[in-house]
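A note on names: the letters A, B, ... follow the listed sequences, proteins ahead of strands, and every chain is numbered from 1. What you are looking at is a predicted structure, and each value in this text was computed from that prediction instead of being measured.
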Amino acid sequence: MSPALPSRDPAPPDGALSQLALASLTQRDFGVYLHVPFCAARCGYCDFNTYTPSELGGLDIDSYLKSMVREIACASRVLAGQAPAVRTVFVGGGTPTMLGSDQLAQLVAAVEKEFGFADDVEITTEANPESVDETSLRQLRAAGFNRISLGMQSARASVLAMLERKHRPGRALAAVAEARNAGFEHINLDLIYGAAAETEDDWLASLDAVTGAGVDHVSAYALIVEDGTALARKVARGQVAAPDDDVLADRYLLAEDKLTGAGMQWYEVSNWAMSDAARCRHNELYWRGQNWWGFGPGAHSHVGGVRWWNVKHPRRYSALLADGSSPAAGRETLSEIDQRLEEIMLGMRMRQGLPLSRVGSAAPQLMADGLLDPTAFAEGRAALTLRGRLLADSVIRDLS
Amino acid sequence: MRAQYLDRMDIERERGITIKSQAVRMPWTKDGQPHILNMIDTPGHVDFTYEVSRSLAACEGAVLLVDAAQGIEAQTLANLYLALENDLTIIPVLNKIDLPAAQPDTYAEELAHLIGCEPSDCLRVSGKTGAGVEELLDEIVRQIPPPTGQAEAPARAMIFDSVYDTYRGVVTYIRVIDGQLTGREKILMMSTGATHELLELGVISPEPVPAKALGVGEVGYLITGVKDVRQSKVGDTVTNQARPASKALAGYADAKPMVFSGLYPLDGSDYPELREALDKLLLNDAALVYEPESSAALGFGFRVGFLGLLHLEIIRERLEREFGLDLIATAPNVVYRVVMEDGTEHTVTNPSEFPTGKISEVHEPIVRATILTPTDFTGAIMDLCQTRRGTLLGMDYLSEDRVELRYTLPLAEIIFDFFDQLKSRTKGYASLDYETTGEQVSDLVKVDILLQGETVDAFSAITHKDKAYSYGTSMAEKLRKLIPRQQFEVPIQAAIGSRIIARENIRAIRKDVLAKCYGGDISRKRKLLEKQKEGKKRMKMVGRVEVPQEAFIAALSTGDESPGKK
Ligand SMILES: Nc1nc2c(ncn2[C@@H]2O[C@H](COP(=O)(O)OP(=O)(O)O)[C@@H](O)[C@H]2O)c(=O)[nH]1
Ligand SMILES: C[S@@+](CC[C@H](N)C(=O)[O-])C[C@H]1O[C@@H](n2cnc3c(N)ncnc32)[C@H](O)[C@@H]1O
Ligand code: SF4
């Protein structure tokens, strides 16, 4: 996950939480994130906590799985039976589909055994298009996965090459068809726009591809040049141009236009869905400050105003759990002010925004500037306009 | 003995310059005859010429030290002329002959030519190896006349420096001209009529050593317990209260601030600290003047007057280093005298206070500049002075390949980047000295810089009419690059009165949003937001435009020159 982990308080070795934090368990939704820190190769732009086989130093998948199961047991001890049934499960990476379907099934089963699933549980996995096929998708569906998020990134070979992606242009769409055949109810495609090699025509082609694919969800991310990545080094050396903000703005407007034209609606600045039911409920749980436990190396968790994060390297992660201690590297307890700030930071990025009573006094000025929606304002809410979505960070600074 | 013994301030030692005069007393025996030599070390930089002149007035002779590797510099000339004006016996000396690059023969010729002596009259020494120093001291005894004061007359001592010391209060450096000062008596400052108890009297040799009395010709210090250098005024005459002299010695003109700049704390809450720091520096620097001012853009600060750019740089550096302040300084400007059509007059030390209305004449200070240069660069220097509105007064060859150029130049042109230009156009070989000689009427205008229609007072400048356009365009362009894009378009204009002479546009920002926010990004993103909000607090607001302090600093600092070493 994020490369620069904040470090405040040391986490207790047994991972124990305060009564106050635990008390929130019955008040809020509970979700589970499972991190799979493996990729066949690292894409130049990616700073996720993921490792190629050569970087793992001989750690085998089995001991990773064993450790995951240990952390699940540890969570069960810490939460002491107070956790409600799990409403969402999200398996992310890395490349979760570097694991076999049976292994992914094992993880999901372990979570269900400890915590139980709500009737309407959403179970998502991320997948790289080239790492799934008809058979594996059927197996995943059978294991309980009902949502899949495919890292398509682009419909054009030149852009995929620039992003150092391994799959060929048609593969993501083929995987969508296979997933649909396998019975997945919700299918998402991830796109990245703004790479130096990408033309407006390339972007339109990608948008046409996703709207024609019949998926019910699209995430479109402006390319971020993350510190410490190969892309950042190339930009620093002048070998690759950094994404241009004006171009990114134009691409975003095109995305909004095409995706809306195809019947989708934005519900978060980078996410569009066909219906309310098609939204990624797991991500919404993050954005609404609900509770979740993130399992796996580098995974983040949040329970009742306490955030913590695990050690990043899979070997250390396994070693700590093998010793019977919590794999957490650090934690922070959010103050009232921190929670307020996060509520605005996350809530304002969503379509419905926040009640005016939860935001600062700059709202009328922001509305006058065309960044907040007057209709929502009249109903007592601060919600972004299209222009406001493009300037969301500055709106958030003004409101918080 | 440590190196650079008499340069006591950190800044002096670091920069290899002398800012404050220092006195030292030294016994020397020649031909079996003991002598006491009282010497004063003087600064060489143009900003501190007043320090030199008052020291010279307290002497019988001068040792003119010239670096044998560099030869005569413009400041050497200036100091030489000051010594000549005081009718002092001058001993020409070439120092640093130990350096491989030393050319004592060449420079002895130049020096002899200048003073009107023989090259063989120039002594050659090395402060480093001590070579020639004994001969020099003998020569001082031989050539420089002994003091001529009257030992029996009522005491008269000239104050040539006055320094604030945290532990001892004001230490006053004096030279006794007539009579004698003894400890445990009351003294009288003749200009103010104030009397003080003498707490300590002493000589510097080379550390302060208390003495019972100071007699005719002796240089030393006295301490009375006053806390402010102004109460022990340089140029004043000290006498004995019980038997006062009837007539004071001829004093010195006060040093007048020539260059002004607004100093503002980066963090507005440091304003009281800045005031305190200036008050402290004032104790030690009678040439410093300041008064509070406020700027819509920069908040509360002070308009500070300096002797010149080096003085400005030193004060600023001391405020930052010794008092830990972070400052923004506005571009330095000179003092203008503006005469209105109705005959009223304004003295303008801050460009934003340039009067509006019907102006009849604007007067600006001018200087007589002396530039010494290898002849190869004569053309380049003439070009530079031409573009700086200079008038050539004369030109003299010091030798076949070195020339002295004399110009009248507006002081405003000199304080704007002149020294750097001079150095870069002459590969560092030219040297500059100047003295203010009065003022002239010039075609000057005030150029304002507007952000979204609001004048940014800190950027207003007074320039010659012919240069207003280039100032306006370059400032507007600089600001366009320095100010980050805002949620709305920001026009930047340069204007003379209501006439717009340049325009740039900062386009509205169109995207300011992070693409994604996963569970694990939340802490990181919150930290980033906190940091951005912190940064936002430090922004200066011009109307609704947020201008980062860095932009102010960058926009104000370019174009202000570094006066460098003497
Ligand atoms: N090599 C050499 N260096 C010297 C000599 N005399 C002074 N210096 C150096 O020149 C620099 C300036 O000396 P200082 O006496 O402060 O110069 P002033 O302020 O111009 O009088 C210092 O770094 C000294 O160490 C000398 O005879 N030989
Ligand atoms: C957690 S990643 C991993 C998913 C999967 N391994 C893949 O690459 O398809 C999820 C998504 O984040 C997006 N992403 C990753 N790095 C990014 C970056 N530097 N800038 C913008 N989006 C990025 C990509 O769209 C990617 O599909
Ligand atoms: S496959 Fe996905 S997780 Fe792996 S390196 Fe590429 S973007 Fe990152």
Side-chain angles (χ1 to χ4, degrees), chain A residues 1-6 31 33 35 48-49 90 92 192 194 219-224 245-250 252 268-270 282-283 285-287 292 294 298-302 307 309 332 334 338 341-342 344-346 349 365-366 369 371 387 389-398 400, chain B residues 267 296 451-454 477 479-492 504-552:
Chain A
M1 307 240 83
S2 62
L5 296 172
Y33 175 75
H35 190 65
F48 281 87
N49 186 39
F90 195 102
I192 294 182
S219 300
Y221 300 115
L223 176 64
I224 305 172
D245 279 350
D246 290 336
V247 171
L248 293 178
D250 287 335
Y252 185 86
E268 193 266 356
V269 288
S270 299
H282 184 78
N283 278 333
L285 182 142
Y286 289 160
W287 301 329
W292 77 90
H300 284 239
S301 304
H302 171 252
R307 292 194 185 285
W309 44 91
E332 59 179 359
L334 302 175
D338 293 338
L341 197 61
E342 287 188 356
I344 294 173
M345 177 180 97
L346 299 168
R349 288 170 65 96
Q365 179 64 55
L366 290 165
D369 291 340
L371 302 176
R387 203 164 87 80
R389 282 147 69 184
L390 280 164
L391 297 174
D393 285 2
S394 62
V395 171
I396 288 165
R397 281 197 295 279
D398 286 351
S400 61
Chain B
D267 178 347
L451 277 187
Q452 250 207 349
E454 298 221 17
E477 194 189 323
L479 290 174
R480 177 174 57 74
K481 291 184 185 147
L482 287 167
I483 298 175
R485 295 165 67 180
Q486 317 266 319
Q487 284 171 15
F488 37 84
E489 183 178 281
V490 178
I492 307 171
E504 292 274 351
N505 240 338
I506 304 174
R507 285 180 305 136
I509 189 170
R510 294 191 46 216
K511 177 194 170 273
D512 180 9
V513 57
L514 210 61
K516 56 195 168 89
C517 204
Y518 288 101
D521 292 330
I522 294 174
S523 295
R524 175 161 67 141
K525 195 158 189 280
R526 192 187 73 243
K527 301 256 148 66
L528 186 72
L529 178 60
E530 282 164 0
K531 226 170 88 189
Q532 288 174 340
K533 283 168 65 70
E534 209 42 54
K536 200 175 139 99
K537 266 195 235 148
R538 287 200 313 272
M539 294 269 188
K540 301 278 183 189
M541 299 299 296
V542 176
R544 282 192 68 204
V545 184
E546 292 176 352
V547 184
Q549 295 197 321
E550 299 73 47
F552 267 106

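Both the backbone and the side chain of A:Asp245 come within contact range of chain B, each with at least one heavy atom under 4.5 Å from a heavy atom of that chain. With a threshold of 4.5 angstrom between heavy atoms, A:Ile224 approaches chain B through side-chain atoms but not through N, CA, C or O. Contacts of A:Ser219 with chain B are absent, with no heavy-atom separation under 4.5 Å from either backbone or side chain. Heavy atoms of A:Arg389 lying under 4.5 Å from chain B belong exclusively to its backbone. For a residue to count as touching a neighbouring chain, one of its non-hydrogen atoms must lie under 4.5 Å from one of that chain's; by this rule A:Leu371 touches chain B with the side chain only. No part of A:Ile344 comes within reach of chain B, as not one of its non-hydrogen atoms sits under 4.5 angstrom from that chain. The part of A:Leu346 that comes within reach of chain B is its side chain, from C-beta onward, which places non-hydrogen atoms under 4.5 angstrom from that chain.
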Can you give me every donor-acceptor pair (side chain of residues 505-514 of chain B, partner residue at least two apart or in another chain, under 3.5 Å) with its distance?
unit_1	atom_1	unit_2	atom_2	d
B:Arg507	NH1	A:Asp246	OD2	3.0
B:Arg507	NH2	A:Asp246	OD2	3.3
B:Arg510	NH1	A:Asp246	O	3.4
B:Arg510	NH1	A:Asp250	OD1	3.0
B:Arg510	NH2	A:Asp250	OD1	2.8
B:Lys511	NZ	B:Val513	O	3.2
B:Asp512	OD2	A:Arg397	NH2	2.7

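A distance of 7.0 Å separates OG in B:Ser523 from CG in A:Leu334, rounded to the nearest 0.5 Å. Note: B:Gln486 CD to A:Leu391 CG = 11.5 Å, rounded to the nearest 0.5 Å. Atom CD of B:Gln532 sits about 9.5 Å away from atom CD1 of A:Ile396, to the nearest 0.5 Å. One finds the CZ atom of A:Arg349 at 5.0 Å from the NZ atom of B:Lys525 (value rounded to the nearest 0.5 Å). Annotation: the span from A:Asp338 atom CG to B:Leu529 atom CG amounts to 10.5 Å, rounded to 0.5 Å. Between B:Lys536 atom NZ and A:Ser400 atom OG the span is 8.5 Å, to the nearest 0.5 Å.
In this structure the side chain of B:Arg524 never reaches within 4.5 angstrom of the side chain of A:His300, judged on heavy atoms.
The candidate from A:His302, A:Glu268, A:Gln365 with the greatest count of non-hydrogen atom pairs under 4.5 Å with chain B is A:Gln365. Your options are A:Val395, A:Asp369, A:Asn283, and the one with the most heavy-atom pairs under 4.5 Å with chain B is A:Asp369.
Smallest separation of non-hydrogen atoms from B:Ile522 and A:Trp292: CD1-CH2, 3.9 Å.
Residues satisfying the salt bridge (charged side-chain N to carboxylate O under 4.0 Å, His left out) criterion with B:Glu550, sequence neighbours excluded, are absent altogether.
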